[in-house]
A.B. asks: 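Dumping the structure here so I can ask a few things about it.
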Amino acid sequence: MPLPGVMKNLTLQQRIEKVLQEVVEKQYGITLPMVVEPPPKPEWGDYSVPVGFKLASHLRRPPHDIVRELAPVVEEALADWVAQVEPVQGYLNLHVRTEYLQDLIQVTATQEDALLPRLKTEDRVLVEYVSANPTGPLNVANARAASVGDSLVRVLRALGIQADSEYYVNDGGGQIRALEHSIEYVLGERETLPEDGYRGAYLQTYAHQVRHLPRGKRGRAVAQMILKDQMKDLWEFGVSFDTIVHESFFHAPDPEDPKIGIYHKYTQAVLEAFDRHQMSFVEDGALFLKTDAYGDEKPRVLVRSNGEPTYFLYDLAYHLYKFDRGYTHLVNLWGPDHLGHVQRMKIALDMLGEALGDPRVRGDRLTVLIVQQVHLIREGKRVAMSKRKGEYYTLQDLLKEVKKDTARFFFLLRSTSSPLDFDLSLAQQLSKENPVYYVQYVHARIASLLSYGAEHGLSPDQADPRALTRPEERQLMREILYFPDTLLGVARKLEPHRIPHYLLRLAEMFHAYYQKVRIVGEDPDVSSARLLLAQSVKQVVAKGLDFIGVSAPNRM
RNA sequence: GCCCCCGUAGCUCAAUCGGACAGAGCAUCGGAUUUCUAAUCCGAGGGUUGCAGGUUCGAGUCCUGCCGGGGGCGCCA
């Protein structure tokens with residue numbers, strides 16, 4: 001999903017992009033998007049731009065000629081930040097001034113959000129996630145979605161994008177009815193559990209609390225209790241929502257009088273718009289939407305022949321409601337079982353926008369992230385779970401075994417679209433193999449280091465970063481330079497797993513540095529400069545962990 | 001049968017908008033500790049990116065076909 005916007009505070013990478021674009025425009029009269037990225041090998045520079053290849057076909061000249069010609073011009077244009085520009089093959093390899101990196105870590109160490117780029121934009125993003133049925137406790141897949149969604153919102157906000165989180169409660173008629181029947185079964189008022197009924201020990205507790213209520217009222221009452229408990233679990237997991245929207249909101253205006261044909265205004269608006277533009281039709285007593293005319297395999301049912309609207313209709317009303325509140329980009333986190341719904345949803349939104357004459361309502365403004373399954377592994381074996389029998393491993397079960405920090409870190413270790421193996425045995429280990437502790441340990445180590453330095457009268461506050469001259473130090477400073485670029489990548493691609501990966505690389509570098517180089521040593525100038533570097537690593541680690549909802553301990 | 005997602009080292013996975021010689025961790029083997037926190041570090045081996053074509057200066061990444069795994073194909077959500 002594109003998140004366009006005018007940049008206010010730019011990262012160095014973005015500044016380089018901008019300057020290069022201007023140089024190329026001035027030199028050749030060609031406007032090209034620039035690709036600026038770290039080269040595969042550090043020796044080749046800090047940023048690299050394959051601009052020669054891009055221009056070669058336009059100019060009908062060999063790539064190397066072009067970059068050789070461009071190098072001195074670019075070097076001058078970027079002189080404030082870049083020491084050297086090297087033409088290699090079709091690339092321009094940029095070597096950032098070490099003084100720039102030194103200044104950068106000084107700022108990072110002292111100012112909380114100095115590194116964060118600010119995207120100045122009118123866009124408003126709504127991230128909808130978890131959205132579990134109010135029929136049982138949250139499971140580990142929900143927990144994964146919670147980790148992903150919450151981190152995305154945190155990062156987007158930190159970058160200056162207006163982002164809100166929302167939870168959609170699927171309290172549709174069918175679910176509540178099934179819950180109602182399951183309660184009756186648990187209370188012994190019903191012989192058999194219906195086909196779509198819910199099982200599981202948890203239902204006992206809830207059922208007994210509502211046994212005094214008249215039949216027909218218990219399902220909704222239990223659903224409310226379950227929702228409340230879900231929110232409590234999520235709260236303990238460090239996740240909360242700005243808004244909660246119920247599917248029942250889109251039903252009849254008066255829930256006591258669910259007459260057919262009297263829906264909520266959004267539902268009504270959807271139906272009327274489609275009807276007005278002949279996008280819907282009646283067949284066998286049911287109302288269909290002609291999604292097939294827009295690329296879907298077949299028409300989809302909006303209202304069943306028994307008069308009851310489908311989930312699909314309410315979902316369209318819900319998404320109209322999202323757009324109507326002024327959101328310009330919608331991000332939905334769905335489970336793999338909803339994969340087939342993505343296309344039809346986008347098609348239907350396009351149709352809806354057309355029918356309403358509302359340019360805000362568009363399929364391409366919806367991005368669906370499929371959050372893949374979680375497989376629990378214990379002692380190298382998969383933990384068996386049977387949803388049919390009602391045995392499943394809940395978020396609460398997980399938090400009894402594993403700390404919140406560990407769980408949240410593990411859930412973001414893989415890209416959202418890949419299935420995740422959650423190794424419970426590994427998650428409980430206190431060693432390097434456990435990546436959470438590996439990263440947190442850097443933070444604790446530096447905290448201890450800083451107080452040790454203070455005992456020796458050393459403070460990073462008056463340090464001169466020019467004393468940082470070792471290659472390991474430059475490498476660390478350079479990695480810090482990449483932090484904001486990483487965050488931009490998270491926002492642009494909606495891939496929060498980049499944060500733990502970045503933190504692991506930074507942690508590895510720091511541990512190696514610490515092992516090799518004495519930080520509090522004989523020379524006070526060098527020592528305090530190294531403490532400054534350590535402090536800026538600490539800041540970045542703390543910030544990065546905060547984005548993924550993991551604490552940064554001072555002692556371990 | 002049709003549609004969608006995924007196939008990368010023995011295992012689990014990275015790889016930024018299509019960029020350079022595809023990188024980590026685990027596992028395996030060998031080393032480092034009178035410490036500023038060893039919850040750490042250093043080193044070694046390991047690859048035809050499922051297969052075959054195509055587009056491109058350049059493909060793990062895009063297109064076509066095939067093989068293998070998963071999910072969907074309901075007037076359930």
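First the proteins, then the strands, lettered A, B, ... as listed; each starts at 1. In this text, all values refer to a predicted model and were calculated from it rather than measured experimentally.
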A.B. asks: Tell me if the side-chain of A:Thr310 makes a donor-acceptor pair with the base of B:C75, cut-off 3.5 Å, by modelled atom types.
C.D. replies: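 No, the side chain and the base share no sub-3.5 Å donor-acceptor pair.
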A.B. asks: Do A:Glu479 and A:Tyr502 get their side chains close enough for a donor-acceptor pair, meaning under 3.5 Å?
C.D. replies: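 No, because no side-chain N or O of A:Glu479 sits under 3.5 Å from a partner of the opposite role on A:Tyr502.
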A.B. asks: OP1 or OP2 of B:G74 versus the side-chain N and O atoms of A:Lys298: is any pair under 4.0 Å?
C.D. replies: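 Answer yes for this pair, as a side-chain N or O of A:Lys298 is under 4.0 Å from OP1 or OP2.
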A.B. asks: Between B:G7 and B:C51, how far apart are the two C1' atoms, rounded to whole Å?
C.D. replies: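 It works out to 11 Å between them.
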A.B. asks: Would you kindly give the CG-to-P distance between A:Leu412 and B:G25, to the nearest whole Å?
C.D. replies: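 So the two atoms are 20 Å apart, to the nearest Å.
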A.B. asks: For the C1' atoms, the ones on B:C62 and on B:A39, what distance do you get once it is rounded to whole angstrom?
C.D. replies: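 Comparing C1' positions in B:C62 and B:A39 gives a spacing of 44 Å.
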A.B. asks: Syn or anti for B:C41, with syn set at within 90° of 0?
C.D. replies: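 Anti, which is what one calls it when the glycosidic angle falls more than 90° from 0.
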A.B. asks: Using atom C1' of each nucleotide, how far apart are B:U40 and B:C17 to the nearest Å?
C.D. replies: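 Here B:U40 and B:C17 have their C1' atoms 38 Å from each other.
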A.B. asks: Using only modelled atom types and a 3.5 angstrom limit, is any donor from either the side chain of A:Lys54 or the base of B:G58 paired with an acceptor on the other?
C.D. replies: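 Checked by distance alone, the answer is no.
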A.B. asks: Ignoring hydrogens and geometry, is there a side-chain-to-backbone donor-acceptor pair from A:Arg478 to A:Gly45 under 3.5 Å?
C.D. replies: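 Checked: pair present.
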A.B. asks: Could you list by number each residue of residues 413-420 of chain A showing a heavy-atom separation from RNA chain B of less than 4.0 Å, or answer none if no residue does?
C.D. replies: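 Within this stretch, A:Arg414, A:Ser415, A:Ser418, A:Pro419 sit under 4.0 Å of the strand.
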A.B. asks: How far does CG of A:Leu32 sit from NZ of A:Lys54, to the nearest 0.5 angstrom?
C.D. replies: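 A:Leu32 CG to A:Lys54 NZ: 8.5 Å, rounded to 0.5 Å.
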A.B. asks: Going by modelled atom types, is there a donor-acceptor pair between the base of B:A20 and the side chain of A:Asn93 at under 3.5 Å?
C.D. replies: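 Per atom types, the contact qualifies.
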A.B. asks: Could you check whether A:Asp350 pairs with A:Lys346 (Lys NZ or Arg NE/NH1/NH2 to Asp/Glu carboxylate O, under 4.0 Å)?
C.D. replies: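 No, A:Asp350 and A:Lys346 are not salt-bridged.
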A.B. asks: Please work out the stems of RNA chain B from pairs that are Watson-Crick or G-U wobble with both distances under 3.5 Å, keeping only runs of three or more consecutive pairs.
C.D. replies: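 Ordered by first number, the stems with RNA chain B (at least 3 consecutive pairs each) read B:1-7 with B:67-73, B:10-13 with B:23-26, B:28-32 with B:40-44, B:50-54 with B:62-66.
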A.B. asks: Please round to the nearest 0.5 Å and tell me the distance separating atom CG of A:Leu156 and atom CZ of A:Phe547.
C.D. replies: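 Rounded to the nearest 0.5 Å, the CG-CZ separation comes to 10.0 Å.
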A.B. asks: Within a strict 4.5 Å, meaning less than it, do heavy atoms of the A:Leu545 and A:Phe409 side chains meet?
C.D. replies: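 Sidechains of A:Phe409 and A:Leu545: in contact.
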A.B. asks: Taking the same atom, P, in B:C6 and in B:A14, what whole-Å distance lies between them?
C.D. replies: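 Their P atoms lie roughly 11 Å apart.
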